[in-house]
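Heads up, the thing below is written out as structure tokens.
What's counted below: heavy atoms across the whole structure, side chains too, no hydrogens, waters or symmetry copies. Per chain, numbering begins at 1; letters A, B, ... match sequence-line order.
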Protein chains: 2
Amino acid sequence: MKKRVTIQDLAKELGTTPSTVSRALRNHAAISKSMKKRVIELAKKRNYQVNAMASGLRVGKSKTIGVIVPRINRDFFSNVIAGVEDISFESGYTVVICQTHDRFEKEKQYINTLIGSGVGGILVSVSLETTTFEHFDEVNRLGIPLIFFDRVSTNSSINKIQNNDKVGAYKAVCHLIDNGYKKIAHFSGPEHLNVYKDRKDGYLEALEKNGIAINDAFIVHHDLKIEDGRKDMQRLMESKNPPDAIFSSSDYSALGALLYLKENGFSVPNDVGVVGYSNEKFTALTSPGLTSVDQHGSEIGQYAAKVFLEEINNKGKKVPRTIILDPNLIIRNSSNRKLDK
Amino acid sequence: MKKRVTIQDLAKELGTTPSTVSRALRNHAAISKSMKKRVIELAKKRNYQVNAMASGLRVGKSKTIGVIVPRINRDFFSNVIAGVEDISFESGYTVVICQTHDRFEKEKQYINTLIGSGVGGILVSVSLETTTFEHFDEVNRLGIPLIFFDRVSTNSSINKIQNNDKVGAYKAVCHLIDNGYKKIAHFSGPEHLNVYKDRKDGYLEALEKNGIAINDAFIVHHDLKIEDGRKDMQRLMESKNPPDAIFSSSDYSALGALLYLKENGFSVPNDVGVVGYSNEKFTALTSPGLTSVDQHGSEIGQYAAKVFLEEINNKGKKVPRTIILDPNLIIRNSSNRKLDK
DNA sequence: TTGAAAGCGCTAACAA
DNA sequence: TTGTTAGCGCTTTCAA
């Protein structure tokens, strides 16, 4: 169990000093070509690996980006992460992935851990349970670049990368209306999260614009899990006035609804239309395929990383950026009804 | 943009020294109760966060575990990660997740980055492209605990947590035979990976034990993606001697096969039976549901983290552990044929 | 173009 | 039970 090779070891072996080696390794302008060559060759030969803790301690931060997401096994978030990795890799940043499992406490802990580990910046999509944002104060106080994506803080003076969820929902509901559905219910999540609020607004606007009265009984708030969708679909279908379509803010509760309907003899899309949100991979595999809204995960991740790099480069200047993408409706058979004219 | 609070700040404010504060924060036995109380209270009040870079530099390593997986959006791997998080969290370790996207180069880079960042240990499931293991030499040389899981090195003197893939495959193929399938083809991955080799061995053994001749044309090696499964299923079905069932080492290529069959008028399971591997969530959602083999992702992750913690505690003593779990066959309709007697 | 020296924040051996 | 001191490996200012 030998010790790791340090800059000192290299300097000694080359008959020079740590500062020169350090500069050579980082391609400093003042170092001669020949010295750089010697240093880099020896470093490779000795399998030298820069000690990120020492370097980070010295410069006050490390070359890592922390990404905090609710869950990594959602296609949207894993696409975001891949997008972040693409961009940050080119600039020599390592991505540290943290999943909160939608718990507020976990989110706070990760923020503190990331601060403590000296991350260069933090990209975050907040947990379902997050209603307050004081835990980000310290990040700002320390001047650590902070970029929200998807589920963002309502504070306007922050960096955020979002989908236009209202437009996504609007497109989805108009599509249902175009297919002849008139009694469209909606599964929504906690309203303190912008994404669910905006999708609900899109739903409401689509109904209004098309002259369809809003029925409060058709608006259901739950945690958007498969079982939530199943249970609430059952409740709605067993009610006196059942809906003829469901627009869910999540593919998961849409899936629950779809499963309930199929298991109970309803035809989808003929009896009931179903539309989800996020375009999870499984939406292409259900029978019928589940219409959904694609959120450009990879692009969101790339933008988030780019905004981070901008912040790093314009250090000092604070010009919060907001980037909003228009999501795409992906039409599958769960909502594609043959209209009987 | 104020500086972060340090141990020195706390010491000054309390009229004591950094070492006392440091010890109090880590609950050192020699510090009085009253001092601990004062320190901890002030730390909380000032929102003190230990500087992991300074601490790590001092003790030679950080309280993080690096987990390297091929992809985070596979249910198996995200379950493993959740398992690792469960255990390591209790011991104050942070989990750093790295995905190689099945690239050897990425794997090497992450190993070096993790070494450089001073991780306490590394848990790894190697990439599809990994055929050599020299990139782990430095990890061992530095005495950093290294635990392989699922896709492991063939070296015997290492820690590894695995499923018994041979048994999993054996169960799957026997199940097909029990359902009357006689011409069972197999999709396999690169043979240098233990998991694919073992699953193939299980497949071969099941055929032999049941007196079914092995047909080399039924054994297909590819990259196990959806498109691979689709293409090779087409090739097999269009051949002179098509199979009546497929056992795939991956749910993804099994899905490809299933889609091809459905799109081309074959009945699954009546004409052709299909069994996959890994019990991805989507296997419950296809029509028919895809029979698959569950690999206990969460348990694997928990064991891996536990073995890591053991290594840390028995520092010096090297007693490589091997833990092998028996996977479960999850029977769904893609292989559940009504036998016509 | 290179070197000397200081110090980032923390921990631990040794001292009191 | 607490304090003093040195130093982990690196970067950077200042000097040469």
Side-chain angles (χ1 to χ4, degrees), chain A residues 2-40 43 46-64 92 112-113 115-120 142-143, chain B residues 2-40 43 46-64 92 112-113 115-120 142-143:
Chain A
K2 274 189 285 181
K3 283 307 299 169
R4 59 188 66 193
V5 179
T6 72
I7 251 180
Q8 312 244 16
D9 301 329
L10 300 183
K12 204 167 292 173
E13 193 166 345
L14 289 167
T16 180
T17 60
S19 16
T20 301
V21 173
S22 169
R23 285 190 272 242
L25 288 171
R26 280 167 307 125
N27 202 25
H28 191 289
I31 301 294
S32 67
K33 282 230 171 64
S34 62
M35 179 57 97
K36 277 181 189 164
K37 187 152 173 285
R38 291 176 62 213
V39 169
I40 287 163
R46 293 275 167 272
N47 200 10
Y48 169 78
Q49 191 63 38
V50 58
N51 183 324
M53 294 180 294
S55 144
L57 176 60
R58 180 58 232 254
V59 302
K61 66 185 174 197
S62 72
K63 285 214 106 183
T64 59
N112 286 332
T113 307
I115 290 175
S117 77
V119 283
L142 294 169
Chain B
K2 274 190 283 179
K3 282 308 298 170
R4 59 189 67 195
V5 179
T6 72
I7 250 179
Q8 312 244 16
D9 301 330
L10 300 183
K12 203 167 291 172
E13 192 165 346
L14 289 167
T16 179
T17 60
S19 20
T20 300
V21 173
S22 168
R23 285 190 272 243
L25 288 171
R26 282 168 305 129
N27 201 25
H28 191 288
I31 301 293
S32 68
K33 283 229 170 66
S34 62
M35 179 57 96
K36 277 181 190 167
K37 187 154 173 283
R38 291 176 60 212
V39 169
I40 287 163
R46 294 273 166 275
N47 200 10
Y48 169 78
Q49 192 63 37
V50 58
N51 183 324
M53 293 181 294
S55 153
L57 177 60
R58 180 58 231 251
V59 301
K61 65 186 175 198
S62 71
K63 285 214 105 184
T64 58
N112 286 331
T113 307
I115 289 174
S117 77
V119 282
L142 294 170

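- Side-chain nitrogen and oxygen atoms of Thr17(A) include at least one within less than 4.0 Å of the OP1 or OP2 phosphate oxygen of dG3(C).
- Side-chain proximity of Ala30(A) to dT1(C), dG3(D), dT1(D): nearest is dT1(C).
- For Thr20(A), the listed nucleotide lying nearest its side chain is dT2(C); candidates were dG9(D), dC10(C), dT2(C).
- A sub-4.0 Å separation between OP1 or OP2 of dC10(D) and a side-chain N or O of Tyr48(A) is present.
- Within 4.0 Å (heavy atoms only), Ser22(A) reaches at least one base atom of the nucleic acid.
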Given Ile115(B) and Arg4(A), is the side-chain contact (heavy atoms from CB on, under 4.5 Å) satisfied, shown in steps?
CA-CA 9 Å; Ile115(B) 289 174; Arg4(A) 59 188 66 193; 4.1 Å; yes
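- The side chain of Thr16(A) sits closest to dG3(C) out of dG3(C), dG9(C), dT2(D).
- For the pair Leu57(B)/Asn51(A), a side-chain contact is recorded, criterion being any heavy-atom separation below 4.5 Å from C-beta on.
- Comparing atom distances between the Val50(A) side chain and each of dG9(D), dT12(D), dC10(D) picks out dC10(D) as nearest.
- Below the 3.5 angstrom threshold, one finds a donor paired with an acceptor across the side chain of Ser19(A) and the base of dA4(C).
- Atoms CD1 (Ile7(A)) and P (dG9(D)) sit 11 Å apart, rounded to a whole Å.
- Between the P atom of dT1(C) and the NZ atom of Lys37(A) lies a distance of 17 Å, rounded to the nearest Å.
- For Leu57(A), whose side chain is taken as the heavy atoms from C-beta onward, the closest listed nucleotide among dC10(C), dT5(D), dG9(D) is dG9(D).
- Regarding His28(B), its NE2 atom lies at a distance of 8 Å from the P atom of dA12(C), rounded to whole Å.
- dA12(C) atom P lies 13 Å from atom CG of Leu25(B), rounded to whole Å.
- Listed candidates were dA12(C), dC10(C), dT2(C). Nearest to the side chain of Arg23(A) is dT2(C).
- Summarising the geometry, the separation between NZ on Lys3(B) and P on dG7(C) is reported as 16 Å, rounded to the nearest angstrom.
- Closest heavy-atom contact between Ile31(A) and Arg23(A): CG1-CB, 3.6 Å.
- To the nearest angstrom, P of dT2(D) lies 20 Å from NZ of Lys12(B).
- When side chains are defined from C-beta on, Asn47(A) does not count as touching Val5(A), because their heavy atoms never get closer than 4.5 Å.
- Summary of the strand contacts: Met53(B) and Lys36(A) both lie near DNA chain C, and taking for each the nucleotide with the nearest heavy atom, the more 5' one is attributed to Lys36(A).
- Residue-level contact check: Arg26(B) touches the backbone only, with heavy atoms under 4.0 Å from sugar-phosphate atoms and none from bases.
- The NZ-C1' distance, from Lys61(A) to dG9(C), rounds to 18 Å in whole Å.
- Using modelled atom types and a 3.5 Å distance limit, the side chains of Arg26(A) and Ser22(A) yield a donor-acceptor pair.
- Leu10(B) has its CG atom 8 Å from the P atom of dC10(C), to the nearest Å.
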